[in-house]
2 protein chains.
Amino acid sequence: MFSKTCEYALRATIFIAQKTKEGERIGIKEIAKGIDSPEHFIAKILQDLSRKGIVQSAKGPNGGFYLDKASMKQSIADIVKAVDGDKVFQGCGLGLKQCSETEPCPIHHEFKRIRKQLFVMLDKSKVGAFTEALENSLTFLKR
Amino acid sequence: MFSKTCEYALRATIFIAQKTKEGERIGIKEIAKGIDSPEHFIAKILQDLSRKGIVQSAKGPNGGFYLDKASMKQSIADIVKAVDGDKVFQGCGLGLKQCSETEPCPIHHEFKRIRKQLFVMLDKSKVGAFTEALENSLTFLKR
DNA sequence: ATAATAAAAGATAAATTAGTCTTTTATTAT
DNA sequence: ATAATAAAAGACTAATTTATCTTTTATTAT
Ligand code: FES
Ligand code: FES
């Protein structure tokens with residue numbers, strides 16, 4: 001559904017959200033461990049997320065990644081869009097160059113419905129909202 | 001959502017279904033034109049679909065691709081599974097190694113619901129069922 | 001000022017996916 | 001039998017995605 005990069009980005013951002021709520025900044029090594037991702041790869045990804053303002057970072061001692069208030073309110077959909085673009089929310093299921101109402105592919109109407117539901121669902125999911133379940137080990141970011 | 005290979009496979013199979021209903025076998029060149037795909041690439045893909053029994057083929061003069069009765073009843077979901085595997089129907093949205101009920105990721109329950117709807121929708125869509133709309137130019141396989 | 005820390009940046013490398021081109025095999029019509 | 005047709009097979013190239021490693025820059029505490 002999403003690229004590896006995007007999957008790591010989502011897990012990392014949720015992980016950072018949790019740590020931020022606990023009041024700490026978190027370093028790349030711990031993030032990599034916390035979400036079970038390759039360390040150097042998630043570093044690259046976070047660099048990019050930081051440039052895009054999706055996560056915040058501070059260099060030097062006591063530095064690390066964290067989320068400001070606005071970032072905390074971001075949705076999963078926002079992050080997917082920033083990383084993978086909106087192909088998954090807008091693109092044609094059969095790969096036509098443009099999903100179009102006037103020249104629809106055979107599955108257009110049904111596919112569009114599902115795509116919409118996917119978007120609504122991911123748009124409602126705010127990164128700051130998963131903390132409690134994670135704390136209580138009701139949900140997981142690795143396994 | 002799906003790989004390029006899978007998108008081409010779906011369009012090609014639907015295209016072949018249409019031609020079969022019109023009573024003709026169809027060659028690779030015409031398929032490539034009909035669905036706007038690279039000719040050699042769709043050839044490779046069809047080779048594979050043929051080996052898997054998703055489409056039927058005949059060599060030599062008057063040869064080409066067609067669908068038998070069983071293939072006509074196949075669903076889009078069947079083809080997606082055959083080409084891309086069932087990751088899109090079973091895999092975790094955040095990329096955990098295994099989607100799991102007992103150790104779910106933060107979006108598991110919602111994501112699972114959407115994934116299920118996607119499957120049901122694609123499973124209901126049989127390749128033989130699109131012919132009429134295509135004939136009447138209500139739907140399209142290229143643009 | 002200096003050393004330590006931690007992210008940013010940059011340069012490669014490996015793996016996967018997408019796409020192309022050539023040769024071989026099977027089938028049919030003459 | 002032979003030539004023509006059309007898919008099957010195989011070898012290769014290109015592009016993209018995923019991943020690794022090294023160097024630089026910014027920040028902090030001593
Ligand atoms: S045209 Fe294919 S999904 Fe809209
Ligand atoms: S565990 Fe992530 S979708 Fe089920």
Side-chain angles (χ1 to χ4, degrees), chain A residues 1-13 15-16 19-20 24-68 80 83-85 87-88 95 97, chain B residues 1-13 15-16 19-20 24-68 80 83-85 87-88 95 97:
Chain A
M1 187 85 68
F2 312 128
S3 68
K4 276 273 151 205
T5 298
C6 187
E7 291 173 349
Y8 289 140
L10 292 171
R11 303 221 299 277
T13 306
F15 187 73
I16 295 168
K19 293 303 171 186
T20 297
E24 33 173 325
R25 287 175 179 174
I26 182 86
I28 282 175
K29 272 176 203 153
E30 290 134 301
I31 294 172
K33 274 181 207 156
I35 68 170
D36 190 25
S37 73
E39 187 184 317
H40 288 114
F41 193 27
I42 196 61
K44 271 278 150 230
I45 294 167
L46 284 169
Q47 225 179 78
D48 189 53
L49 294 181
S50 172
R51 251 185 265 112
K52 286 172 175 160
I54 290 168
V55 303
Q56 282 63 51
S57 70
K59 284 183 175 181
N62 309 319
F65 294 89
Y66 62 97
L67 298 189
D68 62 22
V80 170
V83 177
D84 279 354
K87 212 199 138 209
V88 75
K97 274 162 204 147
Chain B
M1 187 84 72
F2 311 129
S3 69
K4 277 273 150 205
T5 298
C6 187
E7 291 174 350
Y8 289 140
L10 292 171
R11 304 221 298 275
T13 307
F15 187 73
I16 295 168
K19 295 301 171 188
T20 297
E24 32 173 325
R25 286 174 180 177
I26 183 85
I28 282 174
K29 273 175 204 152
E30 289 135 301
I31 294 172
K33 274 180 208 154
I35 69 169
D36 189 26
S37 72
E39 187 184 320
H40 289 114
F41 193 28
I42 196 63
K44 272 278 150 226
I45 293 167
L46 284 169
Q47 226 179 72
D48 189 54
L49 294 181
S50 173
R51 252 186 262 111
K52 287 173 174 160
I54 289 169
V55 304
Q56 283 63 51
S57 69
K59 283 182 175 184
N62 310 320
F65 294 88
Y66 62 99
L67 298 191
D68 62 22
V80 170
V83 177
D84 280 354
K87 212 200 139 209
V88 74
K97 274 162 202 146

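In what follows, chains carry the letters A, B, and so on, assigned in the order in which the sequence lines appear, proteins first and then strands, with residues in each chain numbered from 1.
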Under 4.0 angstrom, heavy atoms only, what part of the nucleic acid is A:Ile45 near: base, sugar-phosphate, or nothing? nothing
Return yes if some donor-acceptor pair links the side-chain N/O of A:Arg25 with the main-chain N/O of A:Phe65 below 3.5 Å, else return no. no
When you look at NZ of B:Lys52, are more than 12 heavy atoms from neighbouring residues, nucleotides or ligands closer to it than 6.0 Å? yes
base_contact_polar (D:dT25 base, A:Lys59 side chain, donor-acceptor, <3.5 Å): yes
What is the distance, to the nearest angstrom, from the NZ atom on A:Lys29 to the P atom on D:dC21? 13 Å
Considering every strand and a 4.0 Å limit on heavy-atom distances, what is the contact class for B:Ile28: base, sugar-phosphate, or nothing? sugar-phosphate
Need one value for A:Ile42: base, sugar-phosphate or nothing, where a base atom within 4.0 Å counts as base even if backbone is also close, heavy atoms only. nothing
Heavy-atom nearest nucleotide on DNA chain C taken for A:Asn62 and for A:His40; more 5' hit belongs to A:Asn62
Mind checking who C:dT27 pairs with, Watson-Crick or G-U wobble, both distances under 3.5 Å? D:dA4
Can you tell me the distance, in whole Å, between the NZ atom of B:Lys87 and the P atom of C:dT17? 10 Å
Going by modelled atom types, is there a donor-acceptor pair between the base of D:dA9 and the side chain of B:Gln47 at under 3.5 Å? yes
A:Lys4 NZ to D:dA19 P: how many Å, rounded? 7 Å
When both distances are under 3.5 Å in a Watson-Crick or G-U wobble arrangement, the nucleotide paired with C:dA14 is D:dT17
Regarding B:Ala43, tell me which of base, sugar-phosphate or nothing describes its non-hydrogen contacts under 4.0 Å with the strands shown. nothing
Please classify the nucleic acid contact of B:Lys44 as base, sugar-phosphate, or nothing, using heavy-atom distances under 4.0 Å. base
Considering just the side-chain nitrogens and oxygens of B:Thr5, establish if one lies under 4.0 Å of OP1 or OP2 belonging to C:dA18. yes
Over all heavy atoms of both residues, which pair between B:Phe15 and B:Ile31 is shortest? Give the atoms and the distance, please. CE2-CA, 3.7 Å
Salt bridge check, A:Lys33 against A:Glu30: does any charged N sit closer than 4.0 Å to a carboxylate O? no
If you assign B:Ser57 and B:Pro61 each to the DNA chain D nucleotide with the nearest heavy atom, which residue ends up on the more 5' nucleotide? B:Pro61
Report yes or no: does A:Asp84 contribute a side-chain atom to a donor-acceptor pair with the main-chain N or O of A:Ser3 at less than 3.5 Å? yes
Taking only side-chain N and O atoms of B:Tyr8, does any of them lie within less than 4.0 angstrom of OP1 or OP2 on C:dA18? no
Nearest whole Å is fine: how far is C:dA8 P from A:Ile54 CD1? 13 Å
Rounded to whole angstroms, how far apart are CZ on B:Phe2 and C1' on C:dT17? 17 Å
Separation of B:Asp36 atom CG from C:dG19 atom P, in whole Å? 11 Å
Return the value, rounded to whole Å, for the distance between atom CD of A:Glu39 and atom P of C:dA8. 14 Å
Is A:Gln56 reaching over with its side chain to a backbone N or O of A:Asp68, donor-acceptor style, under 3.5 angstrom? yes
Nearest-angstrom distance from the residue atom CZ of B:Phe41 to C1' of D:dA15: 12 Å
Both A:Pro38 and B:Ser50 contact DNA chain D. Taking the nearest nucleotide for each, which residue is further toward the 5' end? B:Ser50
Nearest to the side chain of A:Arg51 - C:dT20, D:dA19, C:dA9? C:dA9
